[in-house]
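Report on the structure given below.
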Number of protein chains: 2
Amino acid sequence: MDPEQRADTGAEGRLAEKINHLRDRLYPDKASRPGYAKLAAQIREQTGKPMSATYLWELASGRKRNLTQDTLVTLAEFFGVPAEYFLDDVVASRVDAQLDLAIALRNQKVRSIALRAEGLSDDTLDALLAMVTEARRIERLGPATDAGDGGQARGE
Amino acid sequence: MDPEQRADTGAEGRLAEKINHLRDRLYPDKASRPGYAKLAAQIREQTGKPMSATYLWELASGRKRNLTQDTLVTLAEFFGVPAEYFLDDVVASRVDAQLDLAIALRNQKVRSIALRAEGLSDDTLDALLAMVTEARRIERLGPATDAGDGGQARGE
DNA sequence: CTGGGGCATCCGCCTCAGCGGACGACACCG
DNA sequence: CGGTGTCGTCCGCTGAGGCGGATGCCCCAG
């Protein structure tokens, strides 16, 4: 019946996985996890935007997959991820692995540092990297999960 | 918080402006600027995804405003902006003003620095900020257009 | 054993994203 | 002048996004 919507492990069908993953992340305990009805109600209450249980299930089961701007924003807002999470698989995996970048960029000073670091020479960057890493040790923070991906965000 | 959607003069109807703005940015010369038909064809060719002239006009004129994931990605890809541009007004104005953050984050080392800076104390951040600013002066780069936004990325 | 509540799944409906095609209005060219 | 091309604008349709409501299953209170 279905012509060829199977086996696209690669690119598009990911949306269902993402939603399920976020749901699992939000409710790690399988036992106390609410069903789609309660979840939808929660989303409605927390974001103020509409969201139906049926549709949530359809998304999680991969039945509907081309979301609308509104829905996209609603979900992103509720799950606390940047909206791009649902659009860009690269961003998704990065956020998925740690969420650190997005969180880091919420700090205005960190953002300023990132902006100012752009364009500096490699040697200077290495020096700065050493400094900030050292600062981490001094302040007894963890080794800061670095994004291990070697790719760039978006080609032009 | 604004549960009610205020008169469409405000935040929502922005999409039309954004598209027009991007179009103007891409074709600064009013005379040689192609119409919606040509533009749509160009988008189709460049992204490989479908896009009709009529719909493009409907978007630019504010007639349709709740885009779909696919359309969103297509437009973002064509105009060379992150998809969030269309979703988040804060991101929009930032990207609009300079596009610097996105570019900066393409450098792996800059990204690492940003990641490691997260969580450090305010004092340490100030110190690092001073260092990197100083490094800029030494390497004779400009004062690094800092995003002048005063707020945080995403409210809640 | 019986009833109520939450669950996943399904069906049918309605709105609207997205498009094809057509219409006047210009502008250029023979 | 009348063609030919592109422009902005519009109407009407199709398909899918999004939802309300119904179904059967399982679990716990009574």
Side-chain angles (χ1 to χ4, degrees), chain A residues 1-5 8 12-20 22-24 26-27 29-45 47-78 83 86-87, chain B residues 5 8 12-20 22-24 26-27 29-45 47-78 83 86-87:
Chain A
M1 292 326 214
D2 343 7
E4 71 285 5
Q5 55 186 7
D8 45 39
E12 310 304 346
R14 286 288 182 88
L15 200 149
E17 299 176 26
K18 291 180 185 177
I19 293 195
N20 278 313
L22 286 175
R23 193 175 78 139
D24 287 350
L26 191 56
Y27 291 98
D29 184 21
K30 299 261 182 187
S32 68
R33 152 162 79 248
Y36 293 109
K38 295 260 176 151
L39 229 197
Q42 205 172 333
I43 293 178
R44 248 174 282 133
E45 196 146 339
T47 66
K49 288 130 145 205
M51 172 55 61
S52 79
T54 305
Y55 188 50
L56 206 60
W57 169 74
E58 287 174 323
L59 292 178
S61 64
R63 220 148 281 233
K64 298 286 177 70
R65 46 210 208 78
N66 196 21
L67 301 188
T68 236
Q69 205 183 358
D70 287 346
T71 319
L72 209 72
V73 168
T74 301
L75 290 178
E77 186 180 337
F78 175 75
F86 298 107
L87 302 174
Chain B
Q5 51 191 20
D8 6 349
E12 272 63 27
R14 287 283 180 88
L15 200 148
E17 298 176 25
K18 292 180 185 177
I19 293 194
N20 278 314
L22 287 174
R23 192 176 86 145
D24 286 351
L26 191 57
Y27 291 97
D29 183 20
K30 300 261 183 191
S32 68
R33 152 161 81 246
Y36 294 109
K38 295 261 178 158
L39 229 199
Q42 204 173 332
I43 293 179
R44 247 175 282 133
E45 195 147 342
T47 66
K49 287 129 145 204
M51 172 54 62
S52 80
T54 305
Y55 188 48
L56 206 60
W57 169 73
E58 287 175 322
L59 292 179
S61 65
R63 221 151 278 239
K64 299 285 176 72
R65 44 211 209 77
N66 196 19
L67 300 189
T68 235
Q69 205 182 358
D70 286 347
T71 319
L72 209 72
V73 168
T74 301
L75 290 178
E77 186 180 338
F78 176 75
F86 297 108
L87 302 175

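Chain identifiers are assigned alphabetically (A, B, ...) following the order of the sequence lines, protein sequences preceding nucleic acid strands; residue numbering begins at 1 within each chain. Because only heavy atoms are used, hydrogens play no part in the values below, and waters and symmetry mates are left out as well, while side chains stay in.
Atom NZ in B:Lys64 sits about 14 Å away from atom P in D:dC13, given to the nearest Å. At whole-Å resolution of the value, CZ in B:Arg63 and P in D:dG12 are 14 Å apart. Between the CG atom of A:Leu67 and the P atom of D:dC19 there is a distance of 11 Å, rounded to whole Å. Rounding to whole angstrom units, CE of residue A:Met51 and C1' of D:dC19 are separated by 10 Å.
By the salt bridge (Lys or Arg N to Asp or Glu O under 4.0 Å) test, A:Arg63 pairs with no residue at all, sequence neighbours left out. Here B:Arg44 pairs with nothing under the salt bridge (Lys or Arg N to Asp or Glu O under 4.0 Å) rule; sequence neighbours left out.
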### Candidate pair A:Leu39 and A:Arg33, rule side-chain contact (heavy atoms from CB on, under 4.5 Å), full reasoning
CA-CA 9 Å; A:Leu39 229 197; A:Arg33 152 162 79 248; over 6 Å; no
### Task
Using the side-chain contact (heavy atoms from CB on, under 4.5 Å) rule, take B:Leu22 and B:Phe78 through it: C-alpha gap first, then chi angles, then the decisive distance, then the call.
CA-CA 10 Å; B:Leu22 287 174; B:Phe78 176 75; over 6 Å; no
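Across all non-hydrogen atoms, the minimal contact from A:Ala40 to A:Ser52 is CB-C, 3.8 Å. The minimum heavy-atom distance linking B:Ala60 with B:Ala16 is given by the pair O-CB, 3.5 Å. Here the closest non-hydrogen pair linking A:Ser61 and A:Glu58 is OG-O, 3.4 Å. Across every non-hydrogen atom of A:Tyr36 and A:Asn20, the tightest pair is OH-OD1, 3.9 Å.
For DNA chain C, the residues of residues 31-42 of chain A within the heavy-atom distance limit of 4.0 Å (strictly under) are A:Pro34, A:Gly35, A:Tyr36, A:Lys38, sorted by number. Only B:Thr54, B:Tyr55, B:Glu58, listed by number, bring a heavy atom of residues 53-61 of chain B to less than 4.0 angstrom from any atom of DNA chain C.
Counting heavy atoms from C-beta outward, A:Lys49 and A:Ile43 have side chains that stay 4.5 Å or more apart.
If you walk DNA chain C from 5' to 3' and mark each nucleotide with an atom closer than 4.0 Å to a heavy atom of chain B, the marks span C:dA17 to C:dG21.
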Ignoring hydrogens and angles, write down the donor-acceptor pairs under 3.5 Å from the side chains of residues 67-74 of chain A, residues two or more places apart or on other chains.
from, atom 1, to, atom 2, distance (Å)
A:Thr68, OG1, B:Asn66, O, 3.3
A:Thr68, OG1, B:Leu67, O, 3.3
A:Gln69, NE2, B:Phe86, O, 3.0
A:Asp70, OD2, B:Asn66, ND2, 3.3
A:Thr74, OG1, A:Asp70, O, 2.8

